[in-house]
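Below, chains carry the letters A, B, ... as their sequence lines are ordered, and counting in each starts from 1. None of these values were measured; they are calculated from a predicted model.
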There are 2 protein chains.
Amino acid sequence: MNERMKSIEEMTQALRDAGIRVTRQRAALLSVLAEAGDHPDAPELHRRAEAAVPGISLSTVYRTLSTLESQGVIQRHQFEGASARFESAETDHHDHMIDVDTGEVIEFASDRIERLQAEIAAELGYEIVHHRMELYVRKTSDS
Amino acid sequence: MNERMKSIEEMTQALRDAGIRVTRQRAALLSVLAEAGDHPDAPELHRRAEAAVPGISLSTVYRTLSTLESQGVIQRHQFEGASARFESAETDHHDHMIDVDTGEVIEFASDRIERLQAEIAAELGYEIVHHRMELYVRKTSDS
DNA sequence: AACTCACTTGCAAGTCATTTGCAACAAGAC
DNA sequence: GTCTTGTTGCAAATGACTTGCAAGTGAGTT
Ligand SMILES: [Mn+2]
Ligand SMILES: [Mn+2]
Ligand SMILES: [Zn+2]
Ligand SMILES: [Zn+2]
């Protein structure tokens, strides 16, 4: 969270400017996602959003998540063998470690790795559009 | 391809030793995968295997791919927005770049990144079981 | 070579996460 | 408040893969 974080008002205005209506359903999901400290999937976001908008449908959740993703407001992660998980894009870039025993998702960031990735791509004549790095890990048995 | 590459005979014997029968279908897929220089998906492997075993079914291809993967003979990759792709495990570890314009898959390896990943995991008390690193790239517009 | 039988296969049907067609609904510009 | 057009809920469709089952076949055994 280095750059100034957009307020909900700024985000909704940005959406409106893009011709996207800020419906109750979308506002609810925006707020749920802004408050989430984890990486929930669509059914879980649906559950959380129902508190603010009873009757919101799962398809609307899916549709809204796609919309918000294409607006760059949220990020979608497809970890191995799991359904898609989401998080607000209002954070600095980071990658993830998944504890293969517990399923816990741990965030981390490494400027050195990011730099090396860019270097490698450049050497081959490419520039990185985006990337994905996931470490599937297990607690060290410090025996 | 640093360590000595297993011959088809050695691989099939290893499978038999694991109680896995080397059927015509499985032999065909093993050979198709050994000869593939790319990262084909199941329907493509099915197509290629049909040359050796006419009538082989797509479900058998899927079942065999799962079996071979669990035997560590092949690797499964799930790139963004695509169905699973496979490659023989008879290569040294490497990661992939995907050209977002053409879909081309480019292999690369970086000891430095691999080392950094292990370091980061270790710092947090974890050891890496396996990982996934994909760079989605675009040819540099050298203008 | 014949025998045996647990492992495999082809086919049809099933899963499951996610998407989509459509008529009723509701943002938000005027 | 009215109007226009994007949105929603619901049910049905998708697409990639998985699975039940009866017939078929590796490969150890005699
Ligand atoms: Mn995260
Ligand atoms: Mn590869
Ligand atoms: Zn990163
Ligand atoms: Zn790697």
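Side-chain atoms of Ser66(A) lie closest to dT19(C) of the nucleotides dA16(D), dG10(C), dT19(C). Considering only side-chain atoms of Ser59(B), the nucleotide from dG6(D), dT19(D), dG9(D) that sits closest is dT19(D). Side-chain proximity of Ile20(A) to dT8(D), dT7(D), dC17(D): nearest is dT7(D). Nearest to the side-chain atoms of Arg24(B) among the listed nucleotides dT25(D), dA17(C), dA27(D) stands dT25(D). Proximity note for Gln25(B) (side chain, C-beta onward) versus dG10(C), dA16(D), dA27(D): the nearest is dG10(C).
An OP1 or OP2 oxygen of dC7(C) is reached within less than 4.0 angstrom by no side-chain nitrogen or oxygen of Arg26(B). Here Tyr62(B) does not reach the OP1 or OP2 of dT18(D): none of its side-chain N or O atoms lies under 4.0 Å away. Under 4.0 angstrom from either OP1 or OP2 of dG26(D) there lies no side-chain N or O belonging to Arg16(B). Contact check, Thr23(B) against dT9(C): a side-chain N or O comes under 4.0 Å of OP1 or OP2.
Put simply, CD1 on Ile113(B) and CE on Met133(B) are 4.0 Å apart, with the number rounded to the nearest 0.5 Å.
For a distance-only test at 3.5 Å, the side chain of Arg21(A) qualifies as a donor-acceptor partner of the base of dT5(D). For Arg63(B) and dG20(D), a side-chain-to-base donor-acceptor distance below 3.5 Å is present, hydrogens and geometry of angles not being considered.
We find that CZ of Phe86(B) is positioned 13 Å from P of dA16(D), with the value rounded to whole Å. At whole-Å resolution of the value, CZ in Arg85(B) and C1' in dC17(D) are 15 Å apart. Phe79(B) places its CZ atom 17 Å from the P atom of dA16(D), with the value rounded to the nearest Å. The separation between Leu58(B) atom CG and dT18(D) atom P is 10 Å, rounded to whole Å. The distance from atom CG of Leu15(B) to atom C1' of dC7(C) is 14 Å, rounded to the nearest whole Å. We find that CD of Gln71(B) is positioned 14 Å from C1' of dC7(C), with the value rounded to whole Å. Between Ile56(A) atom CD1 and dA26(C) atom P the separation is 14 Å, expressed in whole Å. Distance CG (Leu65(B)) to P (dT9(C)): 11 Å, rounded to an integer number of Å.
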Q | Check against salt bridge (charged side-chain N to carboxylate O under 4.0 Å, His left out), Arg47(B) and Glu44(B) | A | CA-CA 5 Å; Arg47(B) 244 167 265 128; Glu44(B) 175 61 24; 2.4 Å; yes
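Within the 6.0 Å centre-distance limit, the rings of His131(A) and His93(A) are counted as a close aromatic pair.
A donor-acceptor pair shorter than 3.5 Å cannot be found between the side chains of His96(B) and Glu134(B).
Looking at Thr60(A), its side chain never comes within 3.5 Å of a backbone N or O of Ile56(A) through a donor-acceptor pair.
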